[in-house]
Undergrad: 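Before I ask anything, let me first share the structure, which is written out below as structure tokens.
Order of the sequence lines fixes the chain letters, A, B, ..., with proteins taken first and strands second; residue numbering starts at 1 for each chain.
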2 protein chains.
Amino acid sequence: MVRTARFSAEHFVDAAIALVAEGGPGAATMQAIARRVGAPTGSIYHRFDSRSAILAAAWNASYGSLARLLVPLLQAGRPREAALALIPWAGEDRPRARFLLLHEPVALFEDAPPPEPLRQAMEQLEAEMDQAFRACIARFGDGTIRDEDLSRAKFLIFDAPIAILRPHLLAEAPIPAFAGQMMAELHAGLPFAGARAGTTHAA
Amino acid sequence: MVRTARFSAEHFVDAAIALVAEGGPGAATMQAIARRVGAPTGSIYHRFDSRSAILAAAWNASYGSLARLLVPLLQAGRPREAALALIPWAGEDRPRARFLLLHEPVALFEDAPPPEPLRQAMEQLEAEMDQAFRACIARFGDGTIRDEDLSRAKFLIFDAPIAILRPHLLAEAPIPAFAGQMMAELHAGLPFAGARAGTTHAA
DNA sequence: ATCATTCTAGAACGCTCAATCTATTTGTAT
DNA sequence: ATACAAATAGATTGAGCGTTCTAGAATGAT
């Protein structure tokens with residue numbers, strides 16, 4: 001090698017995540033990212049081709065962290081534990097949680113789409129998560145996967161827990177204890193897959 | 001009067017809502033709004049002081065439409081019907097629903113805060129909705145309102161239904177029939193207020 | 001010690017945007 | 001008809017953005 005880098009790709013990604021978490025996607029300008037790291041703007045381009053490349057890397061890092069948590073639990077057939085695991089996950093790294101859960105990805109890439117290799121990585125992560133959901137459902141029913149079952153599972157394990165966490169993430173408040181209780185009640189109250197009230201079976 | 005206006009404030013607001021719904025807050029530039037209406041950019045400033053004024057007006061129009069739907073039902077003590085009413089509301093005007101439910105307000109005003117009179121109108125609308133939630137809860141318990149009860153109510157009537165609708169709004173797909181069933185099961189499964197399992201009462 | 005390479009450093013460029021400005025058009029009241 | 005107020009019309013301005021460019025500094029291999 002030739003010269004030690006003062007600023008790593010991770011530094012820039014972390015800064016981007018923090019900026020988006022605090023002020024929305026528009027707050028993560030190249031200059032703001034550089035300022036936060038203490039680097040000149042030009043140095044960012046030694047690590048990333050463009051702004052959308054940083055944002056895609058930030059999304060991959062955040063979503064990847066979530067996938068590493070949820071996918072094993074889903075494949076093991078433990079949906080309830082997956083939903084509950086979101087609480088400590090959100091508590092451990094609030095900027096990452098706010099980045100991922102509070103802003104639509106579409107808003108990150110409205111100026112320019114992410115470069116090809118990163119876009120593929122994003123799709124791969126989403127496909128992995130989708131497959132894990134399907135594997136989890138298959139364990140509870142007769143093996144066939146219906147759209148309705150997939151929607152229910154994603155709601156119970158992903159969207160509903162996020163909806164429970166969102167107000168507290170927005171308010172920068174700690175996650176209250178009853179959040180976990182609400183998730184548990186949710187899973188107790190809604191049939192997961194297979195036997196659904198009023199459709200295939202009675203009651 | 002002196003000259004008939006070709007472009008009303010409503011035209012510009014509708015265009016802004018549609019643009020945000022389609023491509024996120026950044027897509028609603030003054031020039032894009034003007035182009036969509038068929039007006040020159042300067043004409044927008046005869047109706048609105050600034051870009052954030054339009055976006056605030058758009059938010060007020062959308063949230064106001066939602067408040068007019070939910071507040072009476074909440075005050076009448078019909079939370080389940082309020083939650084279910086969101087489905088036809090979202091179906092009737094998709095751009096408005098996408099504008100309001102798919103993007104965090106913080107992303108709308110990250111460049112500049114809304115001007116004072118509009119900011120107050122926004123707060124007033126949110127306060128009205130909050131009061132309606134409290135009134136609804138008070139009918140079910142002994143009159144006292146706890147934070148946990150308020151969180152549960154807002155989740156059941158607002159955030160959870162939105163979480164059910166969100167994937168279908170994002171995909172531009174029609175809202176499937178089982179969405180309503182999921183909301184109904186949700187309300188059947190989670191205690192609304194007052195008697196909560198494991199806290200004040202047993203079972 | 002020198003070279004090749006990779007980084008820092010930050011000024012500069014081109015572009016788009018919100019907002020302003022000047023000129024023109026239009027409908028109404030006199 | 002004419003005057004006037006309010007709107008259209010769109011070029012212009014200045015700021016901020018992403019990106020590029022030029023220069024210099026640092027490091028390991030020769």
Undergrad: Are Arg98(B) and Glu104(A) within salt-bridge range, i.e. N to O under 4.0 Å?
TA: no
Undergrad: Got a list of protein N/O to nucleotides 12-18 of chain C N/O distances below 3.5 Å?
TA:
unit_1  : atom_1 : unit_2   : atom_2 : d
dA18(C) : OP1    : Met30(B) : N      : 3.3
dA18(C) : OP1    : Arg51(B) : NE     : 3.0
dA18(C) : OP2    : Met30(B) : N      : 2.7
dA18(C) : N7     : Gln31(B) : NE2    : 3.4

Undergrad: How many whole angstroms separate atom CZ of Phe7(A) from atom P of dT6(C)?
TA: 19 Å
Undergrad: Does a side-chain N-to-carboxylate-O contact under 4.0 Å join Arg166(B) and Asp159(A)?
TA: no
Undergrad: Rounded to whole Å, please give me the gap between CD1 in Ile44(B) and C1' in dT8(D).
TA: 13 Å
Undergrad: Just the rounded figure in Å: distance from P of dG10(D) to CZ of Arg6(B).
TA: 10 Å
Undergrad: Quick check: on DNA chain D, is the nucleotide nearest Gly26(A) upstream (toward 5') of the one nearest Gly42(A), or the reverse? Name the residue that is more 5'.
TA: Gly26(A)
Undergrad: Show the atom names and distances, to 0.1 Å, of all donor-acceptor pairs under 3.5 Å that link a side chain in residues 57-66 of chain B to residues at least two apart or in another chain.
TA:
unit_1   : atom_1 : unit_2   : atom_2 : d
Ser62(B) : OG     : Ala58(B) : O      : 3.0
Ser65(B) : OG     : Trp89(B) : NE1    : 2.7
Ser65(B) : OG     : Arg96(B) : NH1    : 3.0

Undergrad: Between the main-chain N or O of Ser8(B) and the side-chain N or O of His11(B), is there a donor-acceptor pair closer than 3.5 Å?
TA: yes
Undergrad: Around Asp49(A), counting heavy atoms of other residues, nucleotides and ligands shown, do more than 12 lie under 6.0 Å from its CG?
TA: no
Undergrad: Rounded to whole Å, please give me the gap between CD1 in Ile33(B) and P in dA19(C).
TA: 10 Å
Undergrad: Salt bridge or not between Asp14(B) and Arg36(B)? Use side-chain N to carboxylate O under 4.0 Å.
TA: no
Undergrad: Between His46(B) (NE2) and dA7(D) (C1'), how many Å, whole number?
TA: 6 Å
Undergrad: Of all the nucleotides listed (dA7(D), dA9(D), dT8(C)), which has the minimum atom distance to the side chain of Pro40(B)?
TA: dA9(D)
Undergrad: Respond yes when some side-chain nitrogen or oxygen of Ser43(A) is under 4.0 Å from OP1 or OP2 of dC7(C), and no when none is.
TA: no
